[in-house]
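Both counts, for ligands and for their atoms, begin at 1 and track the order of listing.
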Amino acid sequence: MRTICFPDYRHLSDFAADEIAIAIKNKPDLTLCMASGHTPALAAELLVKKLREEKIDYSRFTFFGLDEWVGLPPSNEGSCHYFFQQKIFTPLALKPSQYFLFNSLANDPESECVKMDKAIASKAGIDIMIVGIGMNGHIGFNEPGTPFTILSHMATLDEVTRSVGQKYFKQETSLNKGITIGLGHLMNARKVILMANGNKKAEVIKNAVEGLVTPSFPASIIQQHRNAVVLLDEEAASLLDNDLVTKF
Ligand code: GLP
């Protein structure tokens, strides 16, 4: 695992977008799994800009949405679906066959999980998985206590996730369950990029990067991945041991 610290959010987002754009250029049928949320928002915009401006062929790459709030329609502005539609699918005019998202309105969420696992297998796995970190150390909706080997699954959201998650919604929204690509997929991904910015993420990043590797703190799994990079701004990196951090 490498940890890189950037002067600010813009630099770290630009670096992340570059990593993905270059990877698609080198492998046009790349498979990308991406989180939504505030952290990757700018990277998503910059990625779209780079792919278009640099005329990179993105007609063959495949996108997997990391997670979704169960029970929210795609039209809800706080849904992950809405985020991806606005930031990536519409601007790039992706064909629906190019992206796989959980249908969080499905009567049978378990079959959604099976479908996602089959889709990932049918594309020979995930090349790049770009994720954020929650205030309880979750990745996607892999909540504290989730086994490291788990594949796609539905999770009961913990108290921290339910309350922090309100930031995505204009009005108080009932958030009880999430559906997510699992940590087993993260361990199998050929590359993992974990991004975090801001002072509020400093402590969870310290736990993830320097703390005990344990399912009680899911993001600590990053330490065990064979090809992982943690991209931080100075605030999120502020509690880390400087000797272990590369300055950009
Ligand atoms: C959310 C999502 C994650 C996201 C994380 C951090 O609840 N389930 O996929 O990465 O929490 O979100 P943010 O980037 O908005 O801080």
Just checking N26: does its CG atom have more than 12 heavy atoms from other residues, nucleotides or ligands closer to it than 6.0 angstrom? yes
Basic-acidic side-chain contact under 4.0 Å: E54, K50: no
Is it true that the side chains of H185 and D117 contain a donor and an acceptor less than 3.5 Å apart? yes
Whether R162 and E159 form a salt bridge (side-chain N of Lys/Arg under 4.0 Å from carboxylate O of Asp/Glu) is what I want to check. yes
Need the list: ligand 1 N/O atoms against protein N/O atoms, distance under 3.5 Å, rounded to one decimal.
residue: ligand 1; atom: 7 (O); partner: H138; partner atom: NE2; Å: 3.3
residue: ligand 1; atom: 8 (N); partner: D67; partner atom: OD2; Å: 2.8
residue: ligand 1; atom: 8 (N); partner: G140; partner atom: O; Å: 3.1
residue: ligand 1; atom: 9 (O); partner: D67; partner atom: OD2; Å: 2.9
residue: ligand 1; atom: 11 (O); partner: H138; partner atom: NE2; Å: 2.9
residue: ligand 1; atom: 12 (O); partner: Y168; partner atom: OH; Å: 2.9
residue: ligand 1; atom: 14 (O); partner: H38; partner atom: N; Å: 3.4
residue: ligand 1; atom: 14 (O); partner: T39; partner atom: N; Å: 2.9
residue: ligand 1; atom: 14 (O); partner: T39; partner atom: OG1; Å: 2.4
residue: ligand 1; atom: 15 (O); partner: H38; partner atom: N; Å: 2.8
residue: ligand 1; atom: 15 (O); partner: K167; partner atom: NZ; Å: 2.9
residue: ligand 1; atom: 15 (O); partner: Y168; partner atom: OH; Å: 2.5
residue: ligand 1; atom: 16 (O); partner: K167; partner atom: NZ; Å: 3.0
residue: ligand 1; atom: 16 (O); partner: K201; partner atom: NZ; Å: 2.7

For residues 14-54, the ring pair (Phe, Tyr, Trp, His ring centres under 6.0 Å) pairs (sequence neighbours left out) are F6-F15, F15-F248, H38-Y168
Under 3.5 Å side-chain donor-acceptor pair for H11 and D8: yes
